[in-house]
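Below you'll find the structure, written out as structure tokens, and then a few comments.
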Amino acid sequence: MGEESKKWVLTVTAQTPTNIAVIKYWGKRDENLILPINDSISVTLDPEHLCTTTSVAVSPSFDQDRMWLNGKEFSLAGGRYQRCLKEIRSRACDYVDEKKGIKITKKEWENLHVHIASYNNFPTAAGLASSAAGFACLVFALAKLMNVKDDLGTLSSIARQGSGSACRSLYGGFAKWIMGKNDNGSDSIAVQLADEKHWDDLVIVIAVVSSRQKETSSTTGMRDSVETSMLIQHRAKVAYTFDAGPNAVMIARNRKAAALLLQRLLFFFPPHSDADLSSYVIGDKSILQDAGVKDMKDVEALPPPPEVSDKIPAQQYKGDVSYFICTRPGKGPVVLCDESKALLNPETGYPK
Ligand SMILES: Nc1ncnc2c1ncn2[C@@H]1O[C@H](COP(=O)(O)OP(=O)(O)OP(=O)(O)O)[C@@H](O)[C@H]1O
Ligand SMILES: C[C@@](O)(CCOP(=O)(O)OP(=O)(O)O)CC(=O)O
């Protein structure tokens with residue numbers, strides 16, 4: 001290949017939301033293919049507040065597949081990354097860009113290397129579904145780059161092989177991962193139940209008590225549950241609100257309930273006195289207005305909630321929560337055309 005023809009770089013940038021399961025996936029029947037032991041249902045969170053942005057690039061000048069996560073080089077050697085790359089490459093279609101003089105045939109995609117740069121705008125591996133947004137974004141961006149024509153259901157089954165919960169992040173609103181029955185996983189895909197407008201005054205408040213990396217990953221935690229819990233098969237009938245980590249996720253059915261909830265949360269879990277309210281409650285700050293809280297003085301003036309009685313004393317836990325994120329149902333993956341949002345330099349294909 002001549003030096004001139006080695007110069008071109010083709011890039012795509014995509015943004016994908018996280019999701020929080022209300023009926024959780026917890027336990028696999030196949031560890032390799034990532035097949036679950038139950039159906040699960042989730043709410044996709046607004047990418048304005050929590051999202052992954054991933055840029056992918058391809059060029060004949062790249063000599064290996066490389067990835068950078070949150071600014072640091074990250075190994076793609078793991079089986080989950082390799083499987084996603086292989087599945088997407090096998091579905092790549094011919095690509096032609098007459099203007100740039102780029103022509104890639106289906107066969108040529110197999111030998112072209114990719115560069116990937118990804119950034120999570122929220123804590124990674126802390127129990128806030130970074131693997132979900134991350135693998136969904138990786139698969140979605142690569143599929144766009146390689147001109148994959150398959151539908152979102154197929155892409156969801158590829159993202160599933162990166163991280164189970166990722167299959168639901170291919171959709172906005174409310175998604176269901178159908179566990180499927182087939183041994184080869186072909187029917188284990190996610191579908192959209194309703195879009196983000198369906199229940200648009202639903203409010204999700206996340207109390208972040210720790211942004212540190214979890215000691216037990218979801219993969220390990222659910223494996224232990226499957227091996228040791230006799231009740232695991234019955235678990236998905238039971239509602240609970242914690243994800244796999246210390247950070248509580250609370251779902252309020254409408255804005256009024258969310259405002260009352262936030263008043264109570266701020267009463268019981270006030271920030272340290274020197275804190276700034278705008279960094280203590282992030283995301284959709286308009287809930288603060290509904291709660292009648294404009295500044296720290298208003299937080300300090302919050303009265304004990306009426307349900308506090310002699311039996312339940314109004315003990316306050318100052319500083320125990322690092323910060324709260326208020327969010328809502330959000331849209332699914334999108335391609336970002338604004339060059340300034342790209343994480344890879346369009347000329348070189350290396351991180352900006
Ligand atoms: N943007 C990303 N792109 C690709 N992979 C990512 C990205 N973000 C996270 N990951 C992968 O996901 C792993 C973290 O997954 P893990 O399940 O342990 O935590 P989590 O997804 O944040 O929490 P949980 O699934 O319990 O909500 C990372 O070590 C990395 O391999
Ligand atoms: C508690 C959960 O968030 C667990 C998510 O687990 P992962 O999808 O991160 O696990 P792997 O498939 O092993 O990568 C529940 C859920 O999202 O349904």
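Whatever order the structure lists them in is the order used to number ligands and atoms, beginning at 1. It should be emphasised that the depicted structure is a prediction, and the values quoted were computed from it without experimental measurement.
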Polar contact flag for Ala129 and ligand 1 (N/O pairs, less than 3.5 Å): yes

Residue Met222 vicinity, atoms of ligand 2 by number, heavy atom under 4.0 Å: 6 (O), 10 (O)

Contact check: Ser130 vs ligand 1, nitrogen or oxygen atoms, below 3.5 angstrom: yes

Qualifying ring pair (Phe, Tyr, Trp, His ring centres under 6.0 Å) pairs, either residue in residues 273-303, two or more places apart: Tyr280-Phe324

4.0 Å heavy-atom contact, Leu69 with ligand 1: yes

Ala21 contact mode with ligand 2 (heavy-atom cut-off under 4.0 Å): side chain

Enumerated ligand 1 atoms positioned under 4.0 Å from heavy atoms of Tyr81: 4 (C), 5 (N), 6 (C), 10 (N), 11 (C), 30 (C), 31 (O)

Proximal atoms of ligand 1 relative to Ser217 (non-hydrogen, under 4.0 Å): 18 (O)

Distance filter under 4.0 Å to Trp26 heavy atoms, resulting ligand 2 atoms: 1 (C), 4 (C)

Distance-only N or O hit between ligand 1 and Thr124, under 3.5 Å: no

Contacts of His113 that satisfy side-chain hydrogen bond (donor to acceptor under 3.5 Å, both in side chains) - sequence neighbours left out: Asp65

Side chain, backbone, both or neither: the part of Ser131 lying under 4.0 Å from ligand 2 by heavy atom: side chain

